Amino acid sequence: MCGIVGYLGDRQAYDILIKGLKRLEYRGYDSAGVAMIDEGDFRLFKCKGKVSDLEDNVGVKVNTGNVGIGHTRWATHGPPNDVNAHPHLSNDGSLVLIHNGIIENYASLKAELINRGHTFKSDTDTEVLVHFIEDIRDKTGANLFDAVRIALSEVIGAYAIVILDKSNPNQMIAARKSSPLVIGVGKDNEFFIASDATPIIEYTRNVVYLEDEEIARLDRTEGLKIVTISNQNKDPYVQELEMKLEAIEKGGYDSFMLKEIHEQPRSINDSIRGRMSLATGAVRMSGVDEHEDRWNKATRILIVACGTSWHAGLVAEYLFEEFARIPVEVEYASEFRYRNPVIYPTDVVIAISQSGETADTLAAIEMAKEKGAFIFGVCNVVGSSIARATHSGAYTHAGPEIGVASTKAFTAQVSVLYLLALSVAMHRGVMKQERLNRLMAELNSVPEKIAEVLKTNDAVKAIASIYKDSTNALYLGRGYSFPVALEGALKLKEISYIHAEGYPAAEMKHGPIALIDENMPVFVIATHGASYEKVVSNIQEVKARKGNIIAIVTEGDKVVKELADHVIEIPKSDDSLVPLISVIPLQLLSYHVAVMRGCNVDQPRNLAKSVTVE
Ligand code: F6R
């Protein structure tokens with residue numbers, strides 16, 4: 001949460017900062033701000049609202065300063081307002097800082113600083129940090145680089161920071177712990193810095209990912225220097241970015257969410273390509289092949305994740321139990337880590353995360369690692385904290401997901417987890433080659449089937465227009481479709497603000513059925529498969545109470561068509577692959593409802609893409 005950007009070079013900083021902030025706005029959009037150094041002083045602009053509000057606020061284009069920092073905020077300490085917006089100044093105004101994360105011991109540091117004569121304007125932990133750094137610099141006589149290092153050794157919490165000293169326009173200091181930072185290295189000591197690579201790629205492809213507890217000094221004459229908090233020198237490891245510029249632009253769509261929904265045939269293909277061969281009948285997951293022993297000896301799989309990634313984990317539970325015959329437990333990372341769970345060294349922990357930065361998932365990994373479990377990551381963001389904290393893993397290759405509501409990341413996760421379950425099943429010798437061949441062929445045809453489903457867009461839009469003013473909605477599914485019901489409900493509530501709940505269809509009669517009346521839309525995944533007849537009975541129960549049924553059915557279905565108010569047909573597939581296909585109309589439906597209600601689908605209220613606080 002919160003987006004950070006910085007520039008140091010020969011160009012005008014302001015335009016680079018604003019453009020960068022727009023790319024990072026998915027990380028938080030409560031307030032925005034920039035600070036540049038001009039003739040020995042800061043030019044500081046900040047306000048509540050989005051980056052476009054900041055631009056309006058600044059008014060005339062500011063063309064001043066070749067060094068600057070910018071921030072877009074997801075509020076933690078203090079409400080979103082002009083004063084709490086970043087950047088924050090130190091007590092004497094000589095330093096300015098932007099921060100992503102939470103300083104947990106800020107209250108005790110603040111009390112100490114107040115005793116020492118500091119006064120604060122905002123409610124933020126960030127302002128405390130910049131005062132603390134100034135205080136250490138003044139107390140010890142250290143230069144800024146050392147003062148930052150000493151201050152951070154006393155800070156508890158998570159941070160990515162960038163700090164400027166107005167008396168030195170040739171230098172920028174940055175540091176990170178549990179929040180991402182990437183440095184772009186241009187020619188002749190030109191530097192860019194950001195929470196992810198998207199603000200950087202059009203200027204340079206050479207990047208250095210800062211590691212936890214590292215502090216970087218970016219200097220126009222002396223170049224890049226990195227030290228650890230314990231003052232060890234580190235050689236910067238410069239890598240080449242593979243990301244394409246088109247991947248982070250809307251490409252003609254009205255929103256990133258719509259673009260990302262439509263990208264799914266491609267993103268699934270990219271996630272499975274090269275990992276299975278229909279010709280040789282082999283699944284190749286290097287994270288299983290290279291750690292065969294850990295997977296073969298595993299007595300249990302624990303899956304940790306949050307939100308949509310947790311739903312992908314639920315699908316994986318069914319897959320692993322069915323294909324690989326290993327018991328699986330799926331855990332909310334936030335609950336798991338605080339429960340003192342029993343973890344054995346023979347456990348395999350799968351951590352699923354699109355961003356690779358989710359604080360709860362990261363903490364759950366660290367805990368399971370300490371207890372000797374083998375940790376496998378399924379992440380979308382290359383080089384992210386979770387990808388680096390795990391023993392092994394598989395990237396999802398969905399490409400950058402910018403819409404806050406997860407769509408293509410979910411289907412990419414399920415596709416990768418599908419191959420993972422097949423691979424583990426083969427290694428453990430519990431799946432016949434014939435079945436593997438059939439399932440691989442079915443998986444291979446999923447992108448084409450999704451392309452077909454995307455053609456139902458207009459029909460889905462028409463259904464959305466009927467139910468857009470609902471205040472509640474229920475989503476039902478059984479077996480593999482239960483996690484999809486949860487995901488459908490989450491998509492609707494997070495972007496349209498309609499209250500929605502997902503339930504296993506059979507659980508409805510144990511309580512939620514009381515909610516059903518003629519105003520309640522009930523979305524049911526009723527595809528042909530193991531529990532089809534049972535779901536038909538659940539539909540009858542809803543109809544008997546005058547609920548409105550919107551059913552997702554298999555092409556050619558007759559029975560549900562008779563009962564339902566609306567049906568959306570999807571191509572036939574193996575039960576285990578239905579989640580990948582049935583989720584598509586539910587994503588489209590949420591999208592259209594939200595647009596019709598005038599909501600910002602890419603940046604829903606109160607949310608942020610990357611949840612780096614616990
Ligand atoms: C919902 C959504 C969130 C995320 C959750 C975990 O659409 O996007 O629920 O799935 O915050 O994020 P990652 O996958 O980045 O760990």
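It should be emphasised that the depicted structure is a prediction, and the values quoted were computed from it without experimental measurement.
For the pair K369 (side chain) and A389 (backbone), a donor-acceptor distance under 3.5 Å is present. Under the 3.5 Å distance criterion, the side-chain polar atoms of Q354 are left unmatched by any main-chain donor or acceptor of S406. No donor-acceptor pair closer than 3.5 Å links the side chain of T527 to the backbone N or O of V553. Side-chain atoms of Q433 come within 3.5 Å of backbone atoms of G281 as a donor-acceptor pair (strictly under, hydrogens ignored). Under a 3.5 Å cut-off, the side chain of T390 and the backbone N or O of A387 do form a donor-acceptor pair. No donor-acceptor pair closer than 3.5 Å links the side chain of Q587 to the backbone N or O of K491. Between the R478 side chain and the A530 main chain, no donor and acceptor come within less than 3.5 Å of each other. At distances below 3.5 Å, at least one donor-acceptor pair connects side-chain atoms of H262 with backbone N or O atoms of L258. Under the 3.5 Å distance criterion, the side-chain polar atoms of D574 are matched with a main-chain donor or acceptor of S576. Side-chain atoms of N380 do not come within 3.5 Å of backbone N or O of G356 as any donor-acceptor pair.
A donor-acceptor contact closer than 3.5 angstrom is absent between the side chains of K22 and T72.
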Dump the intermediate steps for side-chain contact (heavy atoms from CB on, under 4.5 Å) on L314 and E317, then the final yes or no. CA-CA 5 Å; L314 285 180; E317 176 180 25; 3.9 Å; yes

Test ring pair (Phe, Tyr, Trp, His ring centres under 6.0 Å) on F323 and Y418 and set out the steps. CA-CA 9 Å; F323 297 162; Y418 198 94; 5.4 Å; yes

Stepwise, does the side-chain contact (heavy atoms from CB on, under 4.5 Å) test hold for L454 with I584? CA-CA 7 Å; L454 288 168; I584 308 292; 3.7 Å; yes

Please step through side-chain contact (heavy atoms from CB on, under 4.5 Å) for the pair H397 and R275, ending with a clear verdict. CA-CA 12 Å; H397 303 306; R275 289 177 166 153; 3.7 Å; yes

One pair to check against side chain to side chain donor-acceptor pair (under 3.5 Å): T411 and Q264. What are the steps and the verdict? CA-CA 7 Å; T411 48; Q264 291 176 100; 2.8 Å; yes

Residues V578, V484; criterion side-chain contact (heavy atoms from CB on, under 4.5 Å); working and verdict: CA-CA 9 Å; V578 169; V484 178; over 6 Å; no

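The neighbour count for R284 CZ, taken as heavy atoms of other residues, nucleotides or ligands under 6.0 Å away, does not exceed 12. Atom CG of D254 has 12 or fewer heavy atoms from other residues, nucleotides or ligands within 6.0 Å. The number of heavy-atom neighbours closer than 6.0 Å to CD of E242, taken from other residues, nucleotides and ligands shown, is 12 or below. Within 6.0 Å of atom CD in E448, 12 or fewer heavy atoms from other residues, nucleotides or ligands are found, so the atom counts as exposed in its surroundings.
Taking CE of M440 as the reference point, atom CD1 of I272 lies at 10.5 Å (rounded to 0.5 Å). Annotation: the span from D196 atom CG to R27 atom CZ amounts to 6.0 Å, rounded to 0.5 Å. For the atom pair N296 CG and I326 CD1, the distance stands at 8.5 Å (nearest 0.5 Å). Rounded to the nearest 0.5 angstrom, Y7 OH and F191 CZ are separated by 11.0 Å. For the atom pair CG (L443) and CG (L580), the distance works out to 7.0 Å, reported to the nearest 0.5 Å. Put simply, CD on E321 and CG on L319 are 10.0 Å apart, with the number rounded to the nearest 0.5 Å.
The two residues C2 and S195 have their closest heavy-atom pair at O-OG, 3.9 Å. Across all their heavy atoms, A473 and F523 have their closest contact at CB-CE1, 4.0 Å. Here the closest heavy-atom approach between residue I303 and residue A316 is recorded as CD1-CB, 3.8 Å. Nearest heavy-atom pair, E569 versus T554, reported as atom, atom and distance to 0.1 Å: OE2-O, 4.4 Å. Considering all non-hydrogen atoms of both residues, G502 and L486 come closest at O-CD2, 3.4 Å. The shortest heavy-atom contact between V378 and I350 is CG2-CG2, 4.0 Å.
A 4.5 Å side-chain heavy-atom check between F336 and D360 finds every atom pair outside the cut-off. Using a 4.5 Å heavy-atom threshold, the side chains of E442 and K449 count as touching. Taking 4.5 Å as the limit, some side-chain heavy atom of L417 sits within range of a side-chain heavy atom of I352. You'll find the side chain of R176 reaches within 4.5 Å of the side chain of D212, heavy atoms only. When side chains are defined from C-beta on, I495 counts as touching S590, because their heavy atoms get closer than 4.5 Å. Counting heavy atoms from C-beta on, the side chains of V208 and I226 come closer than 4.5 Å. Using a 4.5 Å cut-off on side-chain heavy atoms (C-beta onward), D602 and Y29 make no contact. The shortest side-chain heavy-atom distance between E487 and L586 does not fall under the 4.5 Å cut-off.
Looking at D293 and K297, a side-chain N of the basic residue comes within less than 4.0 Å of a carboxylate O on the acidic one, giving a salt bridge. Under 4.0 Å is where a charged nitrogen must lie from a carboxylate oxygen, and between R300 and E331 no such pair does. A salt bridge links E202 to R23: at least one charged side-chain nitrogen sits closer than 4.0 Å to a carboxylate oxygen. Ion pair E434/R438 not flagged as a salt bridge, since none of the NZ, NE, NH1 or NH2 atoms sits closer than 4.0 Å to an Asp/Glu carboxylate oxygen. The pair E25-K50 does not meet the salt-bridge criterion, since no charged nitrogen lies less than 4.0 angstrom from a carboxylate oxygen. Note on K461 versus D458: no salt bridge recorded, every NZ/NE/NH1/NH2 to OD/OE distance being 4.0 Å or above.
For Y591, the ring-ring contact (aromatic ring centres under 6.0 Å, His included) test picks out no residue, with sequence neighbours left out. Judged as a salt bridge (Lys or Arg N to Asp or Glu O under 4.0 Å), and not counting sequence neighbours, K187 has no contacts.
Using bins of under 30°, 30° to 60° and over 60° for the plane-to-plane angle, the ring pair F374/H391 lands in the parallel bin. Below 30°, between 30° and 60°, or above 60°: for Y480 and Y318 the angle between ring planes is between 30° and 60°, a tilted geometry. Using cut-offs of 30° and 60° on the angle between ring planes, the pair H528 and Y532 is perpendicular.
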Mind listing the side-chain donor-acceptor pairs of residues 243-253 below 3.5 Å, one per line with the distance, residues two or more places apart or on another chain?
none

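With Y497 as the aromatic partner, R605 meets the cation-pi criteria of under 6.0 angstrom to the ring centre and within 45 degrees of the ring axis.
Only one option out of T358, T361, L362 pairs with S385 in a side-chain contact (heavy atoms from CB on, under 4.5 Å); it is L362. Only one option out of K609, K408, K259 pairs with E401 in a salt bridge (charged side-chain N to carboxylate O under 4.0 Å, His left out); it is K609.
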